[in-house]
There are 2 protein chains.
Amino acid sequence: MRVTTPNSPRPSSPGIWDPGAEILVDHSSPMPLYFQIATQLESAIDSGALAPGARLDNEVHLAGRLGLSRPTVRQAIQMLADKGLVVRKRGVGTQVVHNRVKRGVELTSLFDDLSALDQRPGTRVLVNVVEPAGAAVARALDVAERTEVWRLERVRLARSEPIARMCNYLPADLIPLPGDEVLETRGLYQLLRGAGVRMHAARQSIGARAASRAEAELLGESEGAPLLTMERTSYTAAGQVVEYGTHLYRASRYSFDFALRGTG
Amino acid sequence: MRVTTPNSPRPSSPGIWDPGAEILVDHSSPMPLYFQIATQLESAIDSGALAPGARLDNEVHLAGRLGLSRPTVRQAIQMLADKGLVVRKRGVGTQVVHNRVKRGVELTSLFDDLSALDQRPGTRVLVNVVEPAGAAVARALDVAERTEVWRLERVRLARSEPIARMCNYLPADLIPLPGDEVLETRGLYQLLRGAGVRMHAARQSIGARAASRAEAELLGESEGAPLLTMERTSYTAAGQVVEYGTHLYRASRYSFDFALRGTG
DNA sequence: CAGTGGTCTAGACCACGCC
DNA sequence: GCGTGGTCTAGACCACTGA
């Protein structure tokens, strides 16, 4: 997608990186133009071609150079501003942020997180059944009581050591039920994404408590050790519940890192 | 800002609430038009006038009724969609979400949270000094070592019971240093907002550990009790560090609830 | 098929920050 | 003053949905 042009035909002012030279738009692509621009600018920032503090070419120039209207270019840059990658200041310009806030691990799964950290994630499947929903689960999934739901209970391993115990409930008709062997090599969110289920939002609650004897044994901790608890309900864009889960993490081995944005 | 008109002059189609009848825009106001619209629509949703599932008037009609262009109206509705209050579907329309995800407690302070819950928050100030930054604090605040920083240590109370111990570091020149008595009645974020400091993003890490003897005593727990730990760095829109804090919460009395949005 | 949101254009004026 | 982003207009065509 990104094309590098080592020498700009006309050097721009010192300190101002000229994105026009490295951005190409494809009018025949189904991908929106503003998205094409944003993607390429983001790549430039990720790769360091656009270093922190670098000023972007201004909207009007960039639009002219790309042969696009200003609103389109503006929409692209706004995407980056919303992500916190650049800062816009009226009368000044747009700059790549200095102190980049780590990309929020929003709506990712533990499996993804561990994969990204090269922690060799593994899974032990304890329960993988379809059963009628009890009252609490029915309320959480927003379905009628005794509706068939998919119940999943797993232990997550990293480098062969237990990290978490995860209990999940999902609508039974959401995706074809995978066998245990599939669940052992793929995260739940990975499976959902693969089946075209797209998460859009989630409600999450994080707390802590002391480990019971059984929990301690399962996770390789001692009784009374602090555990992180996480309860999460995930939704599609249409507001349908995708998944309800209650997870238990060893506090000695895991913490939740994330980025927040905007004052609401 | 919002004006209620009890009787619509011309009843709209059944099931479709006609926002045009209740929305007024003021072209002379310094508040952007799209923001005026979004605010009033949000009020209608909050108040229940726009019930979950209700369809909004479409963009073109609404624009015509308000005497505005479609992009302006669209920007307003997009704000609500970004907040997760409405769902937009091409070929269908815009609906108020059924399963409303609780407003994320993004970048709020514990004091705000407790105030909102009517928990009668209080504060005991343990430390309130300006001192030279050590290596770790200097790195966290992104300032030179031995720069003067404001150090704050407090115990947060709710209904006169201790809930958390909070340690914060801030650039000393950010706001005039308040006396202890001010800190006892106002949250830190409240003070910062009042001084015009606007938080834009934060990096946060939540974990858990067992209470030491001193911590247990301070918080009214027993030694070894599980505590939630939170470490946070807050930034302005320009990427400057506003505050670095390490907090300790009684797990028996507090949990972090928040909403996540978008798949990143 | 008609209706909806998604995208895009080619301009315009304004408010703000800096010089 | 001048350049910047912030806002706004009045159209346009397209893709998708549902009847």
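Here the structure is a predicted model, which is why all the values come from computation and not from measurement. Proteins come first, then strands; the chains are lettered A, B, ... in the order of their sequence lines, and each starts at number 1.
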Would you say a side-chain N or O of [X] is under 4.0 Å from OP1 or OP2 of [N]?
X: T94(A); N: dT4(D); value: no
X: T72(A); N: dT9(C); value: yes
X: R74(B); N: dG6(C); value: yes
X: Y34(A); N: dC8(C); value: no
X: R88(A); N: dT4(D); value: no

### Query
Does a side chain donor of either D173(A) or W150(A) reach within less than 3.5 Å of an acceptor in the other side chain?
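Side-chain D/A pair, D173(A) to W150(A): absent.
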
Please check: side-chain N/O of [X] versus main-chain N/O of [Y], any donor-acceptor pairing under 3.5 Å?
X: Q36(B); Y: M31(B); answer: yes
X: Q40(A); Y: L24(A); answer: yes
X: E42(A); Y: L80(A); answer: no
X: E243(B); Y: N168(B); answer: no

### Query
What string of B, S and - do you get for nucleotides 12-19 of chain D 5' to 3' if you count protein non-hydrogen atoms under 4.0 Å?
B--BBB--

[X] [atom1] - [N] [atom2] separation (whole Å):
X: H27(B); N: dC8(D); atom1: NE2; atom2: P; value: 9 Å
X: R55(A); N: dT4(D); atom1: CZ; atom2: C1'; value: 9 Å
X: M31(B); N: dC8(D); atom1: CE; atom2: P; value: 11 Å

### Message
If you compare all heavy atoms of M79(B) against all heavy atoms of A38(B), which two are closest, and at what distance to 0.1 Å?
### Response
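Here M79(B) and A38(B) meet closest at SD-CB, 3.9 Å.
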
### Task
Specify the residue among K89(B) and V73(A) whose closest nucleotide of DNA chain C lies further upstream toward the 5′ end.
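Taking each residue's closest nucleotide, the earlier one in sequence belongs to K89(B).
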
### Message
At 4.0 Å (heavy atoms only), tell me whether P71(A) reaches a base, stays on the sugar-phosphate, or touches nothing.
### Response
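It contacts base atoms.
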
### Task
Name the nucleic acid region contacted by I77(B), choosing base, sugar-phosphate or nothing; use a 4.0 angstrom heavy-atom cut-off, strictly under.
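Answer is nothing: I77(B) stays at 4.0 Å or more from every strand.
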
